[in-house]
Amino acid sequence: MALSASDSRRYVPGDLGALAARVQGTILFPDDPAYDEARQVNNAAIDRRPVAIVRAAGADDVVATVAVAREAGVPLAVRSGGHSVAGHGTVDDGILLDLAGLAGIEIDGAARVAWAGAGTKAGAYVAATAAHGLATPLGDSAAVGLGGLTLGGGIGWLARKHGLTIDNLLAAEVVTADGQLVRASERENPDLFWALRGGGGNFGIATRFQFRLHPLGTVLGGALVMPLTRDVLRAHGSIAGSAPDELTTIAVAMAGLPPMPFVPADQHGRPGFAVMLVHAGDLDAGRAAIAPYRAVATPLADAVAPMPYPAMYRLTEAAAERGRSAHGTTFLPALDDRAVDAILDALSRPTSPMAMVQLRVLGGEVGRVAPADTAFAFRDRPVMVVIIVPYLDPAEAGRHQEWAGGLLASLRDAGASGAYVNFVGDEGPDGVREAYPGGTFDRLALVKRRWDPANLFRLNQNVPPMA
Ligand SMILES: Cc1cc2nc3c(=O)[nH]c(=O)nc-3n(C[C@H](O)[C@H](O)[C@H](O)COP(=O)(O)OP(=O)(O)OC[C@H]3O[C@@H](n4cnc5c(N)ncnc54)[C@H](O)[C@@H]3O)c2cc1C
């Protein structure tokens, strides 16, 4: 083994010769012209310099890279789509294993299952399965990777109708800390399978996933842009929460509406509440399900129409572009006056004109899975909140995070608790504890002790192995 030093800071590229000999894919070092772009992640506030970037060509490369990192004691970061808000998809002075090349999709339309490489982007999977008139519930953005999305839970446009991504995960192939390629499912390594469904990248490196597919063709989709008022926000919780399961909304309270083509020009930059939605069912039933919004207030814009399901992903393309942002996330027991007032108050004095608060009304299939059945325990929470503050000037990072933190604290005062691991920032052990309530955390720590006792996979929302 050419890697002899245990301090990765002493490495020079030549020391990584062992890696080059064992990996079929590409390895980029800091002097490579492609290195600077390759080390970037979606959250532009994160700026780290790996000693080497391994672009895996297949599962064997994952096995080889795990072996080199483990034997040499080099920190190992794992990336599928690079959208970790905490920036866990890169590392200073360690090896970055980039799985974007593991992007094959095999669809068995008759059996309604698909295998997909962990580096597949959500948009590619949605397009490939839609060609068969089928879909698996993923998130709201095409550029997000299946690896991180799935392992954290996966909450998107079909959540109320078909559950989370993990509720449709049938099996995963995983490279473990000791370099084995194993399969996890209800029957094979069920403890690992339980932990993979919400426990993040703690337990191994997923190379492929097998998902269940559901028939899906044209949906009623798009966005209703409503005035940002107390009445509208209050009504949103009950309208979206009592709607048929076919309707899933991802609504965004915004300090300033973006200049999207369907938003009237005189509303650009003004506060608004965009109720993005998918109704996966009869079109008239969908129109009826969203009619109550129009009874609360006249929409500022109505961009709801029948569309092929993949078209929904165009709506979020701009928001998913690389940029700097501060975050916060929690779950609300209700969208009541206290919570609504906290949100409206914060948005009336934003630190960024682009500040926004996503209100995702859950329920439906999400709530029909028992909290202990997967590592995503927040099954009974009616509303997920995601605070996002995009900003431009790196010098202002602190004040935007302070604003997000202030709103989060107000929401906690209003009864909010817990956090969705896939939107937790770099908050250390406290953030991880928020994402995994006691029983879940302890069970994850036990599984971790079996599958990664030395905590090789620690550059993530880390659950250390139980002592
Ligand atoms: C613009 C945007 C929109 C989003 N929308 C949604 C949404 O609608 N619904 C939702 O649920 N989430 C959403 N998210 C959150 C997203 O699911 C997480 O950030 C997720 O971790 C991103 O996955 P990735 O593979 O792109 O990220 P990466 O940064 O590549 O991975 C994140 C972390 O996951 C782990 N990981 C990734 N791949 C693997 C693997 N193959 N094996 C083991 N560990 C792995 C690693 O710890 C890695 O550091 C969104 C995030 C952004 C930035």
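Just so you know, ligand 1 is whichever comes first in the structure, and atom 1 is the first atom listed for that ligand. These numbers were taken from a predicted model, which means no experiment stands behind them. Nothing fancy with the numbering, it's 1 onward along the sequence.
In terms of polar-atom proximity, H83 is counted as a contact of ligand 1, with an N or O under 3.5 Å from an N or O of the ligand. No N or O atom of G139 sits closer than 3.5 Å to an N or O atom of ligand 1. Of the N or O atoms in R79, none lie within a sub-3.5 Å distance of an N or O in ligand 1. Any N or O atom pair closer than 3.5 Å counts here, and V144 shares no such pair with ligand 1. Considering backbone and side-chain atoms alike, G145 places an N or O below 3.5 Å from some N or O of ligand 1. Backbone and side-chain nitrogen or oxygen atoms of N460 are examined, and none is located within less than 3.5 angstrom of a nitrogen or oxygen of ligand 1. Ligand 1 has an N or O atom lying under 3.5 Å from an N or O atom of G82, backbone or side chain.
Under the 4.0 angstrom criterion for non-hydrogen atoms, S325 is not in contact with ligand 1. The shortest separation from a heavy atom of F457 to ligand 1 is not under 4.0 Å, leaving the residue out of contact. Heavy atoms of R208 come nearer than 4.0 angstrom to ligand 1 in no pair at all. By the 4.0 Å heavy-atom criterion, G156 is excluded from the residues contacting ligand 1.
Applying the 4.0 Å criterion to heavy atoms of L151 picks out, from ligand 1, the atoms 39 (C), 40 (C), 42 (N), 43 (C), 44 (N), 45 (C). Heavy-atom contacts of A118 reach the following atoms of ligand 1: 41 (N) (cutoff under 4.0 Å). Counting atoms of ligand 1 from 1 in the listed order, those under 4.0 Å from a heavy atom of G204 are 42 (N), 43 (C).
At least one side-chain heavy atom of F331 sits under 4.5 Å from a side-chain heavy atom of Y420.
The closest non-hydrogen atom to atom 10 (C) of ligand 1, taken over L149, I388, N422, L146, comes from L149. By heavy-atom distance, the residue among V174, N462, N202, D140 lying nearest atom 5 (N) of ligand 1 is D140. Nearest residue to atom 9 (N) of ligand 1 from L99, I155, L164 is I155 (criterion: closest heavy atom).
Classified by interplanar angle (parallel below 30°, tilted 30° to 60°, perpendicular above 60°), the ring pair F211/F209 is tilted.
Nearest non-hydrogen protein atom to atom 48 (C) of ligand 1 is V78 O, 3.1 Å. Given atom 41 (N) of ligand 1, the protein heavy atom at minimum distance is A206 O, 2.9 Å.
Judged by the 6.0 Å and 45° rule, R433 forms a cation-pi pair with F441.
In this model, a donor atom of one side chain and an acceptor atom of the other lie less than 3.5 Å apart for T374 and R379.
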